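Every chain is numbered from 1, with letters handed out A, B, ... down the list of sequences. Predicted model, so just to flag it, every value in this text is computed and none were measured.
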Amino acid sequence: MGFLSSGIFWAAIGAMIATTLACVGSAKGVGMASEAASGVVAEDPSKFGKMIVLQLLPGTQGLYGFVVTIMIFLNVGFLGGSGDITFVQGILYFAASLPVAFGGLFSAIAQGRAAVSGVSMVAKRPEESSKAIVSTTLVEFYALLSFLISFLAVFAIPNLGK
Amino acid sequence: MKDTEYATAVARVRMNENYLLTVEDTERLLTAKSKSEAVAIIVESGLCARTQDGDADFSGALRDMWDLVLGIVPDGEEFAFLLIENDFHNLKTALKATIADVDAKSLMLTPSVIDVDLIIESVRSRKFEQLPDYMSTAAKEAYDLLVSISDGQLSDAVLDRAYADSVVKLTEKSSPFLQGLAKLISADCAMRIAVRCAKTLKDEQFVELSMPKCYDMDRKELIEAVLKGESRVAEFLSHTKFDKVASQLENGISEFEKASENMLIDYCDSAKFTSLGAAPIAAYIIRKKAQIKTARIVVCCKSAGLDESLIRQRIRKTN
């Protein structure tokens, strides 16, 4: 069980969690929105263009998680350079990944549901598609906050815990 | 079933809601100068297509609606409670046709939950156990009444009771919205039966046999009120959650039944703001059926040359 006291172990777990949970949320959100959009496009293929933005919106959380993972990889030397980090730094990387992981997971699912409502709205009132997109984008704010906190924390960790 | 499994179905239903009558369409329909103008408005709105002889194809529109709904929902059985009305109609037809020894098939309604041939066959062979549980006992009871005392009205009343009870039974495992809708349909049936029985001075045995289970009112008290007369029924209902419907009884049975049906449309209003789950689909079915009924009434009235104000009295809420 010596690996539990290894900083690199905790950093790696944090990096994996950031992408995995954020991507699971995005997959669920995009999946839901796409299912609904397919229903509309099946009835009226000309609405595909209006649907695609709503389908894509819950997908950004996965990207945020991915960026945080890459940053952790770069900092701890997984992609080259020195891999020498302390146990405290490892725990800090793990903690830094949590906002984007859980914020991404839950906000993507919530955004998926908002996108489904947007799809229903566009199905009935195609001229109101911009309002549907704006409403769905509001959820993005919280995903962005989570990402920003994870990003800043990962950025600051190399100077901490030495 | 998870509400997210209905995402595609709800989106398709939302698209199809664009082909329902709007308030403006209904107004244009009412002010149409002739039957042909009314039919043109109905066809133009997309509610239904035109038949070869130029009439509105209402039956086809209902069939198309069920084809769409059953084709897109994850589990069609969840909506069977909204379709079994046709099955009970078919059973009544099969029973009477068998007694009269005539062919019933042309009088059957489709689509239906139970295959039409199975209903005809089970009635002809008296093997009522071939029918689903919710129908078999009532079918035998109705048949026995028809054969033993030749009372077609009581036989129909027994099947109407079984229909109302089955609607609720079929939604036992459904979402709260569907359960609530089923209980309202059952209450609608119970109130109509109560008022009609009171109006026609039916005896206790008839009322007891025809009254379905009541979920938001006391069945025993309702039966007692029926036996005491129409005014007591109105008084009883005024102390239940159906007081607004009961208040229409003073304007006549037609207004009362209209208010009772409108209650279903009002209940479905909450589904307008739901994007997932079975509720928007059930609401669409209720609305489409109500609109087709309204359109049918208007076309028939226009065909008979009735005045606009008379037609307005008869039409139901559709939006």
Side-chain angles (χ1 to χ4, degrees), chain A residues 24-59 105-129 131-139, chain B residues 1-25 45-49 61 64-76 79 175 177 268-285 287-288 291 318-319:
Chain A
V24 165
S26 279
K28 276 180 170 268
V30 173
M32 255 190 286
S34 297
E35 276 184 47
S38 301
V40 174
V41 175
E43 297 286 333
D44 181 4
S46 72
K47 288 203 170 70
F48 177 74
K50 286 183 170 155
M51 293 294 130
I52 195 76
V53 181
L54 288 166
Q55 286 172 255
L56 282 175
L57 277 172
L105 173 69
F106 293 116
S107 70
I109 294 169
Q111 200 169 29
R113 292 184 83 98
V116 169
S117 296
V119 166
S120 288
M121 184 173 158
V122 177
K124 291 203 84 172
R125 296 174 184 273
E127 70 279 6
E128 306 288 2
S129 62
K131 288 177 185 160
I133 292 168
V134 169
S135 301
T136 310
T137 310
L138 291 177
V139 187
Chain B
M1 187 164 290
K2 282 185 179 172
D3 61 354
T4 48
E5 288 180 42
Y6 286 91
T8 311
V10 173
R12 288 192 69 174
V13 156
R14 292 288 183 227
M15 282 297 291
N16 279 279
E17 282 178 353
N18 293 328
Y19 306 115
L20 290 177
L21 294 173
T22 60
V23 177
E24 292 76 28
D25 288 334
S45 73
L47 185 68
C48 63
D64 289 348
M65 177 197 72
W66 278 111
D67 283 347
L68 171 81
V69 168
L70 298 176
I72 59 176
V73 295
D75 179 12
F79 298 92
S175 66
F177 180 89
C268 290
D269 271 354
S270 64
K272 280 182 183 170
F273 312 106
T274 313
S275 303
L276 294 166
I281 296 158
Y284 170 71
I285 296 169
R287 239 180 232 118
K288 177 107 183 182
Q291 294 210 344
T318 55
N319 275 297

(request) Find out whether Leu105(A) and Val24(A) are in side-chain contact, i.e. whether some heavy atom of one side chain is under 4.5 Å from a heavy atom of the other. (result) yes

(request) Please state whether the side chain, the backbone, both or neither of Leu20(B) comes within less than 4.5 Å of a heavy atom of chain A. (result) neither

(message) Does any backbone or side-chain atom of Val116(A) lie under 4.5 Å from a heavy atom of chain B? Answer side chain, backbone, both or neither.
(response) both

Check every N and O of chain A against chain B and note each donor-acceptor pair under 3.5 Å, with its distance.
{"unit_1": "Glu35(A)", "atom_1": "O", "unit_2": "Thr8(B)", "atom_2": "OG1", "d": "2.9"}
{"unit_1": "Glu43(A)", "atom_1": "OE1", "unit_2": "Asn16(B)", "atom_2": "ND2", "d": "3.4"}
{"unit_1": "Glu43(A)", "atom_1": "OE2", "unit_2": "Arg12(B)", "atom_2": "NE", "d": "2.8"}
{"unit_1": "Glu43(A)", "atom_1": "OE2", "unit_2": "Arg12(B)", "atom_2": "NH2", "d": "2.9"}
{"unit_1": "Glu43(A)", "atom_1": "OE2", "unit_2": "Asn16(B)", "atom_2": "ND2", "d": "3.3"}
{"unit_1": "Arg113(A)", "atom_1": "NH2", "unit_2": "Asp3(B)", "atom_2": "OD2", "d": "2.7"}
{"unit_1": "Ser117(A)", "atom_1": "OG", "unit_2": "Ser275(B)", "atom_2": "OG", "d": "2.9"}
{"unit_1": "Ala123(A)", "atom_1": "O", "unit_2": "Asn18(B)", "atom_2": "ND2", "d": "2.9"}
{"unit_1": "Lys124(A)", "atom_1": "NZ", "unit_2": "Glu17(B)", "atom_2": "OE1", "d": "3.1"}

(message) If you define the side chain from C-beta out and look only at heavy atoms, does anything of Leu56(A) sit under 4.5 Å from Val30(A)?
(response) no

(message) I need the minimum non-hydrogen distance between Val10(B) and Gly277(B), along with the two atoms involved.
(response) CG2-O, 3.4 Å

(request) Kindly give the heavy-atom pair with the smallest separation between Val13(B) and Pro280(B), and that separation in Å. (result) CG1-O, 4.0 Å

(message) Using the side-chain hydrogen bond (donor to acceptor under 3.5 Å, both in side chains) criterion, which residues pair with Ser107(A)? Sequence neighbours excluded.
(response) Gln61(A)

(message) Tell me every residue that passes side chain to side chain contact (heavy atoms under 4.5 Å, CB included) with Ala271(B), counting only those two or more places apart in sequence or in another chain.
(response) Phe177(B), Ala279(B), Ala283(B)

(message) Are Val40(A) and Val122(A) packed together at the side-chain level, in the sense that at least one heavy-atom pair is separated by less than 4.5 angstrom?
(response) no

